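This is a predicted model, so every value here is computed, not measured.
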Amino acid sequence: MIDVLVVDDDFRVAQVHAGFVAALRGFSVAGLAHTAAQARSKAAELAPALVLLDVYLPDASGLTLLPELDADVIMATAAADPAVVREAFRHGALHYLVKPFTAAALNARLTAYARYREALSGENDLSQVALDGAVRALYAPLHGQPPAPKGQSPVTTRLIADALRRADEPRSAAEIADQVGISRATAQRYLAALAQAGRVVVTLRYGATGRPEHQYAWSPR
């Protein structure tokens with residue numbers, strides 16, 4: 001079994017995420033923590049293999065706590081600022097989930113993590129082929145998540161995809177750019193790639209004057 005410590009400032013959200021973990025075969029919930037201090041204490045006491053870590057904790061940022069944890073970490077947080085995402089990966093996070101997310105989204109990453117651990121479970125030195133296989137197991141395209149087109153960042157693709165999934169109506173490139181924290185030109189490039197891949201539906205919104213504006217919505221397929 002892979003023991004998981006769930007760290008979230010909201011006890012109800014922590015319970016939901018713990019339920020997602022407990023329902024997945026091969027995983028168990030080692031404990032819950034709602035502050036950075038609790039997380040440090042429980043991580044030391046329980047020695048979990050994996051921590052689901054929120055950024056917004058009442059006594060310290062999860063980003064401060066991240067490099068202190070002697071465990072693998074998947075971020076599970078509402079923080080979607082690109083600089084925050086970069087810092088999380090720079091300090092060792094294996095995956096990044098933006099709340100709210102579904103059980104299926106978490107399960108996909110947990111399953112990938114289990115494959116990665118299995119690939120690295122032997123005692124003998126790894127060949128390059130075996131090492132590459134372990135990395136592929138962890139970062140292979142996830143079910144329901146479009147792979148990033150060549151030359152584009154998977155993190156930015158995921159942030160834009162998640163923003164469109166959560167939107168209750170079509171969004172313009174400028175609106176997506178403001179929400180994700182990127183330039184409008186960058187948003188347009190990513191949205192065009194997603195549209196070409198069939199993951200985004202493009203429509204036109206006509207105003208009283210001027211050129212029509214492209215609107216983007218997540219494809220339900």
Side-chain angles (χ1 to χ4, degrees), residues 50-56 61-67 69 72-102 104-116 119 128 131-167 170-202 213-221:
L50 179 66
V51 177
L52 291 185
L53 181 61
D54 193 6
V55 169
Y56 300 128
S61 167
L63 295 177
T64 301
L65 179 63
L66 172 58
L69 296 171
D72 292 326
V73 176
I74 293 176
M75 304 304 297
T77 178
D81 182 273
V84 172
V85 175
R86 289 195 300 271
E87 185 172 354
F89 281 112
R90 186 164 61 247
H91 288 305
L94 295 181
H95 276 299
Y96 201 108
L97 274 168
V98 179
K99 297 189 294 187
F101 50 81
T102 63
L106 177 58
N107 288 354
R109 286 154 181 83
L110 292 179
T111 300
Y113 173 72
R115 291 196 300 263
Y116 160 80
Q128 186 65 53
L131 193 155
D132 291 345
V135 174
R136 282 196 302 271
L138 182 61
Y139 294 114
L142 300 165
H143 177 69
Q145 178 66 47
K150 185 176 181 180
Q152 294 189 355
S153 163
V155 173
T156 303
T157 298
R158 185 181 307 124
L159 291 174
I160 291 175
D162 288 343
L164 287 173
R165 285 192 185 100
R166 294 194 301 268
R171 293 285 191 261
S172 68
E175 290 169 332
I176 292 298
D178 288 342
Q179 184 173 346
V180 175
I182 56 179
S183 71
R184 179 174 179 173
T186 298
Q188 286 175 325
R189 287 200 307 274
Y190 279 79
L191 289 165
L194 287 168
Q196 186 175 6
R199 308 313 301 269
V200 167
V201 176
V202 184
E213 184 178 43
H214 286 87
Q215 298 281 288
Y216 303 88
W218 190 251
S219 174
R221 78 166 180 84

In Å and rounded to the nearest 0.5 Å, what is the CD to CG distance from Gln179 to Asp162? 9.5 Å

Going by side chain to side chain contact (heavy atoms under 4.5 Å, CB included), Ile160 matches just one of Val200, Thr186, Ile176. Which one? Ile176

CG-CG distance between Leu53 and Leu69, expressed to the nearest 0.5 angstrom: 6.5 Å

Counting only heavy atoms not in His214, do more than 12 fall under 6.0 Å of its NE2? no

Quick one: do Leu159 and Val98 satisfy side-chain contact (heavy atoms from CB on, under 4.5 Å)? Show the steps, please. CA-CA 8 Å; Leu159 291 174; Val98 179; 3.9 Å; yes

Do any N or O atoms from the side chain of Arg171 and from the backbone of Ala167 form a donor-acceptor pair under 3.5 angstrom? no

Determine yes or no for a side-chain-to-main-chain donor-acceptor pair under 3.5 angstrom, with Glu175 supplying the side chain and Ser172 the backbone. yes

Would you indicate whether the side-chain heavy atoms of Leu94 and Leu138 approach each other to under 4.5 Å? yes

Closer than 4.0 angstrom, basic N to acidic O: yes or no for Arg184 and Asp178? no

OG1 on Thr102 to CG on Leu106, rounded to 0.5 Å: 8.5 Å

All heavy atoms of Leu66 vs all of Met75, minimum pair found to be CD2-SD, 4.4 Å

Nearest heavy atoms of Ala187 and Ala173, plus distance in Å: CB-O, 3.6 Å

For Pro67 and Leu63 the tightest heavy-atom approach is CD-O, 3.2 Å

Run through Val84, Leu65, Thr64 and flag the one making a side chain to side chain contact (heavy atoms under 4.5 Å, CB included) with Val55. Val84

Determine whether Leu50 and Ile74 make a side-chain contact, defined as any pair of heavy atoms from C-beta on separated by less than 4.5 Å. yes

What heavy-atom pair brings Ser153 and Tyr190 nearest, and what distance separates the two atoms? N-OH, 2.8 Å

Side-chain contact, heavy-atom cut-off 4.5 Å: Leu52 with Val73? no

Exercise: identify the closest heavy-atom pair between Ala112 and His95: CB-NE2, 4.5 Å

Just say parallel, tilted or perpendicular for the rings of Tyr113 and Tyr116, cut-offs at 30° and 60°. tilted

Heavy-atom side-chain proximity of Thr156 to Ile182 below 4.5 angstrom: yes

For Asp54 and Ala78, work out which heavy atoms get closest and say how close. OD1-N, 4.3 Å

Can you tell me how far OH of Tyr56 sits from NZ of Lys99, rounded to the nearest 0.5 angstrom? 9.5 Å

